[in-house]
Amino acid sequence: MAMAEVKLSEGRDLTRIERIGAHSHIRGLGLDSSLEPRDVSQGMVGQTQARKAAGVILQMIQDGKIAGRAILLAGQPGTGKTAIAMGMAKSLGLETPFSMLSGSEIFSLEMSKTEALMQAFRKSIGVRIKEETEVIEGEVVEIQIDRPAASGAASKTGKMTLKTTDMETVYDLGTKMIEALGKEKVQSGDVIAIDKASGKITKLGRSFSRSRDYDAMGPQTKFVQCPDGELQKRKEVVHCVTLHEIDVINSRTQGFLALFTGDTGEIRAEVREQIDTKVAEWREEGKAEIVPGVLFIDEVHMLDIECFSFLNRALENEMAPILVVATNRGITAIRGTNYKSPHGIPIDLLDRLLIITTQPYSMDEIRKILDIRSQEEDVEMSEDAKQLLTKIGHETSLRYAIHLITAAALNCQKRKAKVVEVQDVTRVYSLFLDVRRSTQYLMEYQKEYMFNEASMVDGGEDDVDAMHE
């Protein structure tokens with residue numbers, strides 16, 4: 001018995017596979033129905049103006065009012081720019097494509113910079129393709145399968161009776177259909193849908209009329225009404241794919257396998273033109289509709305002048321997504337030139353951007369963020385420790401204070417305590433330096449470090465004296 005108990009305690013809960021990341025606590029922008037930002041909501045704190053502006057943009061995206069627009073999130077480091085972009089992604093839902101990219105990623109790919117940007121653009125444009133299929137939908141009354149006496153001599157045959165509230169039909173079953181029914185574990189009382197074109201069987205649930213068949217049921221058992229009307233129905237099926245996925249499937253010999261391997265390579269312009277023409281045809285026929293998504297480029301100042309001029313052109317395309325870029329730079333050089341510009345972005349592109357600024361967090365807001373992060377990381381902290389951490393966050397940086405949460409929790413575990421106290425925070429504060437203290441330390445001991453300018457000069461003079469002697 002003791003062994004069993006030990007084993008039970010060792011089994012860990014693996015339902016939450018997602019790691020705790022820097023922004024894993026964000027579930028949306030935290031706005032109400034009239035786009036007014038709530039003080040603390042969906043993991044978002046403060047930044048009311050920026051969140052409201054992002055909410056307006058979001059509303060326009062969802063209504064399909066804008067495409068080919070660009071938004072710049074500008075602010076100091078640690079003021080929640082990426083958090084706002086993540087909030088936008090979560091609020092858009094699964095239907096709208098959202099792809100993220102870091103400015104420096106483009107330079108490390110095995111393809112040209114403009115091709116990498118083009119692929120990112122096309123990943124952010126969704127196509128909703130409508131298709132009509134014939135479906136047989138009904139409740140299984142009974143299944144009879146005749147298995148031949150001599151195995152392998154003859155194939156299995158069988159009959160299946162399906163009914164709706166209006167009619168009942170008996171279908172003859174072939175070998176493939178019998179296998180499919182066996183695989184899905186279909187039995188009488190199940191409501192099923194059969195796709196006529198592919199023969200795919202989908203189990204919709206059990207009929208309400210059979211709900212009293214068993215005394216006990218598993219929590220996954222779903223009861224549904226018996227379908228009404230005809231057994232054969234025409235159903236509209238909607239597939240959502242991105243333009244990039246269509247490009248890959250059509251450009252390579254191995255087709256869709258390239259989607260899984262990630263080895264897409266460069267896609268020829270002719271392929272893209274043909275796909276655009278085809279998608280335009282589908283749009284006119286009403287078979288497909290375009291869903292402009294969002295492309296988020298973080299650290300946009302890392303792009304060079306060629307990428308910026310490509311973005312200018314790409315935004316004017318009729319099938320362009322909404323571009324959201326973020327930067328924490330002030331007036332700095334545009335990469336690839338000697339010219340300086342605000343945020344390191346050329347003036348002609350800045351002119352096309354709607355700029356949302358983020359402000360530094362106040363003490364109260366830092367406190368609320370630290371509360372949320374402690375909860376996310378499952379760390380219990382005393383009131384005094386939280387106050388001290390808030391003060392550290394205000395005087396150094398919010399990111400540094402967030403990093404100390406887990407470090408303090410580990411120190412607390414070492415003491416075999418449950419709640420993080422002030423002593424844990426002060427201990428990790430002395431162990432891990434913030435930028436300011438680290439710089440101060442460097443200034444004091446700069447002569448001891450290698451390749452330091454001051455020591456290089458001194459060392460150079462000593463060498464010269466030694467040579468003269």
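FYI, side chains are in, hydrogens and waters are out, and symmetry mates aren't considered; it's all heavy atoms of this structure.
- In this structure a side-chain-to-backbone donor-acceptor pair under 3.5 Å is missing from K200 to A193.
- Residues V422 and S382 share a closest heavy-atom pair of N-OG, 4.5 Å.
- A320 and P292 get closest at one heavy-atom pair: O-CB, 4.1 Å.
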Review point. Step by step, would you call E289 with V127 a side chain to side chain contact (heavy atoms under 4.5 Å, CB included)?
Key: CA-CA 6 Å; E289 56 179 289; V127 185; over 6 Å; no
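- Put simply, the side chain of Y400 gets close to the backbone of F432: a donor and an acceptor are under 3.5 Å apart.
- Of the possible donor and acceptor atoms, one in the side chain of H343 sits under 3.5 Å from a partner among the backbone N and O of R329.
- When all heavy atoms are compared, the tightest approach of E139 to S207 is OE1-OG, 3.0 Å.
- Electrostatic pairing of D32 and R38 does not count as a salt bridge here, judged by no charged N lying under 4.0 Å from a carboxylate O.
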Exercise for review: List the steps, then state whether side chain to side chain donor-acceptor pair (under 3.5 Å) holds for D298 with T82.
Suggested key: CA-CA 7 Å; D298 210 352; T82 313; 3.2 Å; yes
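- Residues V324 and L295 are not in side-chain contact: their nearest non-hydrogen atoms beyond the backbone lie 4.5 Å or more apart.
- With hydrogens and angles ignored, the 3.5 Å screen pairs a side-chain donor or acceptor of R51 with a backbone N or O of L29.
- A donor-acceptor pair is defined here as one N or O able to donate and one able to accept, closer than 3.5 Å; such a pair exists between the side chain of K90 and the backbone of I26.
- Side-chain atoms of D247 and R272, non-hydrogen and from C-beta on, do get closer than 4.5 Å to each other.
- Using cut-offs of 30° and 60° on the angle between ring planes, the pair F98 and F296 is parallel.
- You'll find the side chain of K196 reaches within 4.5 Å of the side chain of I136, heavy atoms only.
- Side-chain contact between L315 and L349 is present, with at least one heavy-atom pair separated by less than 4.5 Å.
- Judged by distance alone, with hydrogens and angles left aside, the side-chain atoms of Q119 form no donor-acceptor pair with the main-chain N or O of A116 at under 3.5 Å.
- Judged by a 6.0 Å distance limit and a 45° cone about the ring axis, R335 is positioned over the six-membered ring of F107.
- Of the possible donor and acceptor atoms, none in the side chain of T337 sits under 3.5 Å from a partner among the backbone N and O of A333.
- In summary, K233 and D228 do not engage in a salt bridge, as defined by a charged side-chain N under 4.0 Å from a carboxylate O.
- In this structure, the side chain of K81 does not engage the main chain of T357 through any donor-acceptor pair within 3.5 Å.
- Side-chain contact check for Q76 versus P360: some heavy-atom pair is nearer than 4.5 Å.
- When atom types are taken as modelled, the side chain of S102 and the backbone of E105 share no donor-acceptor pair closer than 3.5 angstrom.
- The side-chain heavy atoms of I369 and I372, taken from C-beta on, include no pair separated by under 4.5 Å.
- The minimum heavy-atom distance linking M381 with V419 is given by the pair C-CG1, 3.8 Å.
- Here the side chains of I201 and M177 are in contact, with some heavy-atom distance below 4.5 Å.
- Both tests hold for R437 against Y429: distance to the six-membered ring centre under 6.0 Å, angle to the ring axis within 45°.
- Distance check, rounded to the nearest 0.5 Å: CD1 of I322 to CE of M88 gives 8.0 Å.
- In this structure, a donor-acceptor pair under 3.5 Å is present between the side chains of E377 and T406.
- In this structure, I71 and V325 have side chains that are not in contact, with every pair of non-hydrogen atoms separated by 4.5 Å or more.
- For R313 (side chain) and S309 (main-chain N/O), no donor-acceptor pair under 3.5 Å exists by modelled atom type.
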